[in-house]
Amino acid sequence: MQARPQPHLEHEGAHCRLSGDWTLAALRPRLVWLRARLLVVRAVPVWDLSQISRIDSFGALLLWRAWGMREPETLVMPPGLHSAFDRIKPLAGLRPPSPHRDPWLPVLRVGRTVLDLFDQLRDFTHMLGMVVSEVVRLLIEPRSIPFKEFSAALYKAGVQAMPISALVGFLIGIVLSYLSALQLRNFGADALIINILGIGIIRELGPVLVSILVAGRSGSAITAQLGVMRVTEELDALSAIGVSPYQRLIWPKVLAMAIAMPLLVLWTSAAALGGGMLAADLQLEIDWRFFLMSLPHVVPVQNLYIGLSKGAVFGVAIALIACHFGLRIRPNTESLSRNTTASVVTAITAVILIDAVFAMLTRGIGVPLR
Amino acid sequence: MSTTGTTSVPVIELRDVCTRLGGHWIHRNLDLKVERGDLLALVGGSGAGKTTLLRQMIGLSRPTLGEVLLFGERHQAGHRAERFARLRRMGVLFQHGALFSAFSVFDNIAFPLREFGGLHEDEIRPLVLSKMALVELEPRHAGLMPAELSGGMVKRAALARSLALEPELLLLDEPTAGLDPERSAGFVRLIRQLHGELGLTVVFVTHDLDTLSALANRVAVLAEHRILAAGTLDEIHAVEHPFIQKFFRYHATVDEAPPEPDSD
């Protein structure tokens, strides 16, 4: 690079003489200037390329385009340069295919979305069927229950999520209690804080909060893990050995989530109530002993059952959705990121939808009406 | 900056390279020179550190001791722009192609050109198509995604990408691994042809003695932490060393008749 001759263009009457290296690297620093020069001299009839020391396809292309895709009237070209020109000559004039506009595109797009939805639904049903048939098979043949995978999944999705869910729950409890206390004090209804926090957290906030955390934490991890196993052909290897991926990978995860989630809900609700209790103690001077004593009286125990069963259902939903998108990943990076995002978004949306259904179905249960 | 001109400076020079990986010395006082126009094969047993050496030539990793000179200069020498300009004189073909899976074949090959800057999109198109023609990919393959390509096509598309900036030096990691014998012979023919047409210097790592004998005009044997011998295939065969004798024993037939892959 240091000792190579610079590309140069000399123009004299009807003569144009080129010299130096006409290569991409050498042309780049003077490209703007050379383009402008070529534009000026392109109609010159006599071109002398004999002084060019090296030329590559880009140099040849630049000249060929300047000449208007044909050789000038007189061209002096040493034989060594021919191959570079020969390579680009047939290609230089190619126009990119004009972007083809289909008037039916919006219709096609809607159609594709609907078909994709059916496709997803079919895949999901297939997976659900496989998981259920695995459960039946494992009941008949308990020897092949993958205890290790199950316990690993339980540890990853449950135990390792405990610190973060406790922290988030505790802080949310404090905020909720603090804000409610400000309002309640205006009405002199201080003691109602226990009802509000009790029912709100145990029945609604605890399960939804944990679900969102777990969908972000374990849901994305499950999707990415299955996806990478698809990319590295580990899923195929598993099938080839005669082990069903549904039995070894998906079933343990679904079951682990079904068990870990209610426990996490219990744990997070306790942390949130702890936070709320602390804030109530400081803000409204409600003693924590009084808080704990009156909690069972103002919050019917059905609320706890509803909260825990919500947790289990949400857990199964998150695990199934994460596995579904994990299995749909195709071996490329784009698909991996798209499906992981879809997994988390769909899981959270599904949780909220199922929560709404729960609210409708249980509207007469556990709510003290006066 | 060297003042002796580029012709006399080795394209790659390894001086006294020592590499320590995971508590073991992989290379010890290793010296190697690659001259302009070489088709150098780097051979050696598994785990001898061939790929490590190739990575050091690319500048992806640095030796523990010693230095690697690319076009007469160290990888770290010069400003950012000079370092990148030096790297752009070199093309690398990774073992599995390393095509960007989010881009089509066309965009993969166009990527170095677009990054280089200053080129118009209607100049990039013929350049990309000429590179595709060079590696015998047809224009209708331009829109395919890497996931839709066969193993041989991935290699050829990756080779086209490494040739996009018309490098002077081409580094190939196991160029024929994973190709069937016919495709492998075709790929070797292709690289030989490019070597002739573009005046490339090629360094490649291989395990395959067929590739070695068909492609290399020089061979460097990496064993016992150093370059045991370097020279033409005939010179290497003449070396009396147990490793070399064992390595080439299975391939005595190439001694007499170096195959000419262009024969019909």
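Worth knowing before you read on, the calculation uses all heavy atoms, side chains too, and leaves out hydrogens, waters and symmetry mates. Just so we're on the same page: letters track the sequence lines, and every chain starts at 1.
- Under the 4.5 Å side-chain criterion, counting only non-hydrogen atoms from C-beta, A:I88 is not in contact with B:P126.
- Considering only heavy atoms from C-beta on, A:L24 comes within 4.5 Å of B:L119 through its side chain.
- The parts of B:E123 that come within reach of chain A are both its backbone and its side chain, each placing non-hydrogen atoms under 4.5 angstrom from that chain.
- Remark: A:E233 CD is loosely packed, at most 12 non-hydrogen atoms of other residues, nucleotides or ligands lying under 6.0 Å away.
- A:L61 contributes atom CG, which lies 10.5 Å from atom CD1 of B:I124 (distance to the nearest 0.5 angstrom).
- In this structure, A:E12 places its CD atom where only 12 or fewer heavy-atom neighbours from other residues, nucleotides or ligands lie under 6.0 Å away.
- Counted by atom type alone, A:S57 and B:E166 present one or more donor-acceptor pairs between their side chains at under 3.5 Å.
- Within the 4.5 angstrom heavy-atom criterion, only side-chain atoms of A:R35, from C-beta onward, approach chain B.
- In this structure, no portion of B:F100 lies under 4.5 Å from any heavy atom of chain A.
- Within a 6.0 Å sphere centred on NZ of A:K89, other residues, nucleotides and ligands contribute more than 12 heavy atoms.
- Within a 6.0 Å radius of NE2 in B:H96, no more than 12 heavy atoms belonging to other residues, nucleotides or ligands are found.
- Within 6.0 Å of CH2 on A:W104 lie no more than 12 heavy atoms contributed by other residues, nucleotides or ligands.
- Atom NE2 of A:H15 is surrounded by 12 or fewer heavy atoms from other residues, nucleotides or ligands within 6.0 Å.
- Rounded to the nearest 0.5 angstrom, B:S130 OG and A:D86 CG are separated by 12.0 Å.
- For A:L27, no part lies near chain B; criterion is any non-hydrogen pair under 4.5 Å.
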